[in-house]
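Presented below is the structure to which this report refers.
Note that the structure is predicted; figures quoted are calculated from it, not measured.
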Amino acid sequence: MNSSAVAPAKSSDFIRDIINDDLEAGRHKKVITRFPPEPNGFLHIGHAKSICLNFGIALEYREKLPDSGTRCHLRFDDTDPIKEDTLFEDGIQEDIRWLGFDWDGLYHASDYFEKMYEYAEHLITAGKAYVCSLSDPEIKEYRGSVTTPGRESPYRTRSVEENIDLFRRMRAGEFKDGEHVLRGKADMSNPNMKMRDPLLYRIRHTEHHMTGATWCIYPMYDYAHPISDAIEGITHSICTLEFENNRELYDWVVDNLIDYAKFPSCPHQYEFARLNLNYTVMSKRRLLELVEGKHVRGWDDPRLPTIAGLRRRGYTPESIRAFCTSVGVAKANSTVDMAQLEFCIRDDLNHKAPRVLAVLKPLKVVIENYPDTDVEELDASYWPHDVPKEGTRKVPFCREIYIEQDDFMLEPPKDYFRLAPGKEVRLRYAYCITCTDIIKDSNGAVVEVRCTYDPDTRPGSNPVNRKVKGTIHWVSARHAVDAEVRLYDRLLLEEAAPAGKDSEFLHSINPNALQVLNNCKLERSLATSQPGDRFQFERQGYFIADSKDSKPGAPVFNRIVTLKDSWARSQKK
RNA sequence: UGGGGCGUCGCCAAGUGGUAAGGCACCUGGUUUUGGUCCAGGCAUUCCGAGGUUCGAAUCCUUGCGCCCCAGCCA
C-alpha cells in the first residue's frame, strides 16, 4: 500500500483492541477478516470505510504475524437472486482495486449453498429447525411486536421426518414461492425479535447469477453469513451497528453447527458505526433513486459519494484512505463534516498536482503599451517553492490576455488586492499591470479592461521597493485553449437529507451542485492534457481532465475541490 | 410499559480511578509572485443532567434525560 497523504503513527480502535486481546490470550494465532458486499449496487465511501478497516487489519496483522495465514477475503453475499447481478460484482472489484486493496481469495456465499443445505438438514435432525407453512402475513402476526411476545407457529411441532421430507421437497421445487419456509427453532418470546424463530430458507423460483437454476430455495442472510464466515475461517466478522441485534442469531447458528460442521474457526461478529457525511446521501435506496430518476448522470456522477463518482471527480485513492483513517472507528452514530474529506484531497494533491494557469470566467485585458506583434515566452514553475519538485514550462505573454472576472472590481473595498481602476497587480510569472480604463457594454457591464504594464517588473528583475500585494492568474488570449469546465459543489443544500421515506430528499438537491462553464481559457500547455491528469488551477482549486469526455485538443475539466479561500470567507461576513 | 446500542469542543475522536490526546473547522500573527501551502499561537476548569462512593471520577454506583437499531420470505 502506498498511502502517502496521512501516515498515522498508530491507528488503534476498539476492534483492533479486541484483536490484540484475542491474540495475546491465544484465542487466535492469525486474523482473518472479510469484506462482504451484496452485489446489488455500487460501492460508496461508506463501504470504503469498511474496506479500509477489513483489508487494513489484514495488512497490519500480516506484518505482525508473518506466515500465519492472516488475510482478508472478498466475499459476495449473494443470497437473494432477485436483486443481484454479475455486473455489480465487476464494479465492486474495480473499486476495491482502485482503492489500493487486493483480496486473498474471492468467494461467494453461493459457493456454500450445498453445505448450507446439508447443515440445514442437520439442524432439522437436531430438532433445531422446522418447515413452517404459515403465510407471509401470518408469520408476521405470529412474530408479535417489540413490546409483545410472539406465538409459536402451529407447524413448530412437526416431526423430524416430516420436516426433512418437506424440506427436501422444497429443494426439489415441489412448492410455489412463499408456500413454506425453513425456520430456526429458537424462542418466540425472546425480547430480541431476531430470535423469534428466524427464517432460514425461503422458496424463490428465480435463477441465480452464479448458480443458475440449481436452486429454488435460498438461504437468508442471518443463516448464510455466519456459515460463510465459519467455513472461510473468519476470525473477526466486522459489520455495522444495525446488525447488533443479529449477533445473537449469528452465534446461535454457529453454536448449533460448529460441532457437526467442524468449522476451521469460531467467528465472532463486531459492529462499528457506519460512515455518514453531511450534505450528501449514502443509502443505497437514495443513490439508486438519484441515478434512476436521472437527477445525476449515472453511478459515476462526480456529485455522488460513490467510489466511481469520487474517482471521476478526481479524488485519489490515497486521499480516501487517509480520510477513512482520520475519521476513526467507533460505535457512536456520527456524521462527518464534508470539510474533512475535502481537507484530505487538498492535502494529497498539494504536492501531487502541478500548478497551471486557467481562467474560468474570462475578462479581456488589453495592455496598451505592449506591442501587438510581441510575444514573450516566460518561465513558469509547475511547483510552488514549498513543494520540492522540479519542472517548468513556458507561458506566452501578449498584448491581450484574459483574467478572472472576480479579479477585477469597479469599486473595491480597501482590502481588495486585485485589479481595479487605477490599481496595480502582479500577473503571475509576468509583469505588473495597472488599470487605466474600462470598457462597458450597453448594460453597463465591464467587458474589457485597459491596462499598462511596467517593463521594469519583468520576473527576475523587480525594482527593489516594488510592493504589489496582489498576484492574479491570466492566460494569453492569442494562445488560450478553449475548454469546458465542470464546477462541482455539495450535492445537497441541507446538512442532512430530510428523513422522509418518500423522495422528499430530492427537494434538497443543490441546483448548483454542477455548474458547466463553456468559455474557459486554459494556458497553452493544457492542450495536450490526457484524461485523468490532475492540476491545480492556481488560486482556484484542483481539477482533473474528465475520464470520459476530455480529449486532447478539446479538454473537459472537473473541479475536484476548491482551494481554501480566506478572502471569500471574509467577504461572506 | 420489550430488547440491543450510544451520549467527551461546531464535526470526528482518544481516554478504562490520578487530575481532558489528536485531526477537521474556526480565530490571531509570521512567511509567501497562489488571499494556497507552511510556521507560531489560540480554541472543553470540563466530559448528557442530578445525586453518591473516593484523598481523587469523563472513567465506579444510583437515578433521570436524549438519540440510534430491531416487528422484510432484504442485507
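- Across the strands present, B:C26 finds its partner in B:G42; the criterion is a Watson-Crick or G-U wobble pair with both atom distances under 3.5 angstrom.
- Taking the six-membered ring for Trp and the full ring otherwise, the centers of A:Y431 and A:F397 sit less than 6.0 Å from each other.
- With A:V181 as reference, A:I139 is the one residue of A:I203, A:I139, A:L200, A:V131 to meet the side-chain contact (heavy atoms from CB on, under 4.5 Å) rule.
- Between B:C12 and A:S326, no contact under 4.0 Å exists linking OP1 or OP2 to a side-chain N or O.
- Nucleic acid contact for A:K194: base, since at least one base atom lies under 4.0 Å from a heavy atom of the residue.
- The base of B:G36 lies outside donor-acceptor range of the side chain of A:R346, with no N or O pair under 3.5 Å.
- Following rounding to the nearest Å, A:M220 (CE) and B:A71 (P) show an atom-to-atom distance of 11 Å.
- Contacts between residues 129-137 of chain A and RNA chain B, counted as heavy-atom distances below 4.0 Å, involve A:L134, A:S135, A:D136.
- Nearest nucleotide to the A:V146 side chain, out of B:A75, B:G2, B:C73: B:G2.
- With a cut-off of 3.5 Å on both pairing distances, B:A13 has no Watson-Crick or G-U wobble partner at all.
- The one candidate from A:R75, A:H209, A:E89 that meets the side-chain hydrogen bond (donor to acceptor under 3.5 Å, both in side chains) condition with A:H108 is A:E89.
- Here A:S334 pairs with nothing under the side-chain contact (heavy atoms from CB on, under 4.5 Å) rule; sequence neighbours left out.
- Side-chain atoms of A:N333 and base atoms of B:G7 include no donor and acceptor less than 3.5 Å apart.
- Between A:D13 atom CG and B:A21 atom C1' the separation is 16 Å, expressed in whole Å.
- When both pairing distances are held under 3.5 Å, B:G18 makes a Watson-Crick or G-U pair with B:C55.
- In this structure, A:D177 has no salt bridge (Lys or Arg N to Asp or Glu O under 4.0 Å) partners at least two apart in sequence or on a different chain.
- B:G23 has no stacking from A:F343 on its base ring, since the centres under 5.5 angstrom apart and planes within 30 degrees of parallel are not both found.
- A distance of about 15 Å separates the P atoms of B:C9 and B:G22, rounded to the whole Å.
- Residue A:N350 has its side chain nearest to B:U37 when only B:U37, B:A71, B:G35 are considered.
- Considering only side-chain N and O atoms, A:K564 lies nowhere under 4.0 angstrom from the phosphate OP1 or OP2 of B:G35.
- Of the candidates B:G2, B:G36, B:U16, B:G36 carries the atom nearest the A:R355 side chain, counting heavy atoms from C-beta on.
- Interface remark: the A:Q536 side chain does form a donor-acceptor pair with the B:U34 base, using a distance-only criterion of under 3.5 Å.
- Looking at A:D386, its side chain comes within 3.5 Å of the base of B:G36 through a donor and an acceptor atom.
- In this structure, A:E179 contributes its side chain and A:K176 its backbone to a donor-acceptor pair below 3.5 Å.
- In the set B:A13, B:G35, B:G3, B:A13 carries the atom at the smallest distance from any side-chain atom of A:A330.
- Picking from B:C73, B:A75, B:G36 the nucleotide with the shortest atom distance to the side chain of A:E242 gives B:A75.
- Side-chain proximity of A:E244 to B:A71, B:U34, B:G4: nearest is B:G4.
- Note: A:Y130 and A:Y155 fail the aromatic proximity criterion, with ring centroids not under 6.0 Å apart.
- A sub-4.0 Å separation between OP1 or OP2 of B:A75 and a side-chain N or O of A:T79 is present.
- The same atom, C1', is picked in B:A14 and in B:A71; the two are 38 Å apart, to the nearest Å.
- With a 4.5 Å cut-off on side-chain heavy atoms, A:F557 and A:L526 count as touching.
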Expected rows: protein N/O vs nucleotides 8-11 of chain B N/O, under 3.5 Å:
unit_1	atom_1	unit_2	atom_2	d
B:C11	O3'	A:T335	O	3.0
B:C11	O2'	A:T335	O	2.8
B:C11	O2'	A:D337	N	3.3

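- Using atom P as the reference point in both B:G5 and B:C39, the two lie 43 Å apart (nearest Å).
- Comparing the P positions of B:U16 and B:C61 gives an interatomic distance of 16 Å, to the nearest angstrom.
- Applying the salt bridge (Lys or Arg N to Asp or Glu O under 4.0 Å) criterion to A:D379, with sequence neighbours excluded, gives A:K394.
- A:N246 comes within 4.0 angstrom of a nucleotide base, judged by non-hydrogen atoms across all strands.
- Relative to the ring axis of A:Y117, A:R171 places its NZ or CZ within 45° and under 6.0 Å from the centre.
- Checked against B:G36, B:G2, B:A25, the side chain of A:A339 finds its nearest nucleotide in B:A25.
- Distances shown here put every side-chain N or O of A:R247 at or beyond 4.0 Å from the OP1 or OP2 atom of B:G4.
- Spacing of P atoms, B:C48 relative to B:U59, comes out at 8 Å, to the nearest Å.
- When both pairing distances are held under 3.5 Å, B:A50 makes a Watson-Crick or G-U pair with B:U62.
- Nearest to the side-chain atoms of A:R202 among the listed nucleotides B:U37, B:C24, B:C73 stands B:C73.
- When the C1' atom is used for both B:A44 and B:A21, the distance is 13 Å, rounded to whole Å.
- In this model, the phosphate group of B:C27 is approached by a side-chain N or O of A:R569 to a distance below 4.0 Å at OP1 or OP2.
- Comparing B:C47 with B:U19, their C1' atoms sit 13 Å apart, to the nearest whole Å.
- Under the salt bridge (Lys or Arg N to Asp or Glu O under 4.0 Å) criterion, A:R490 pairs with no residue, sequence neighbours left out.
- With both ends at atom P, the span from B:U8 to B:C67 equals 15 Å, rounded to whole Å.
- For the pair A:Y542 (side chain) and A:I345 (backbone), a donor-acceptor distance under 3.5 Å is absent.
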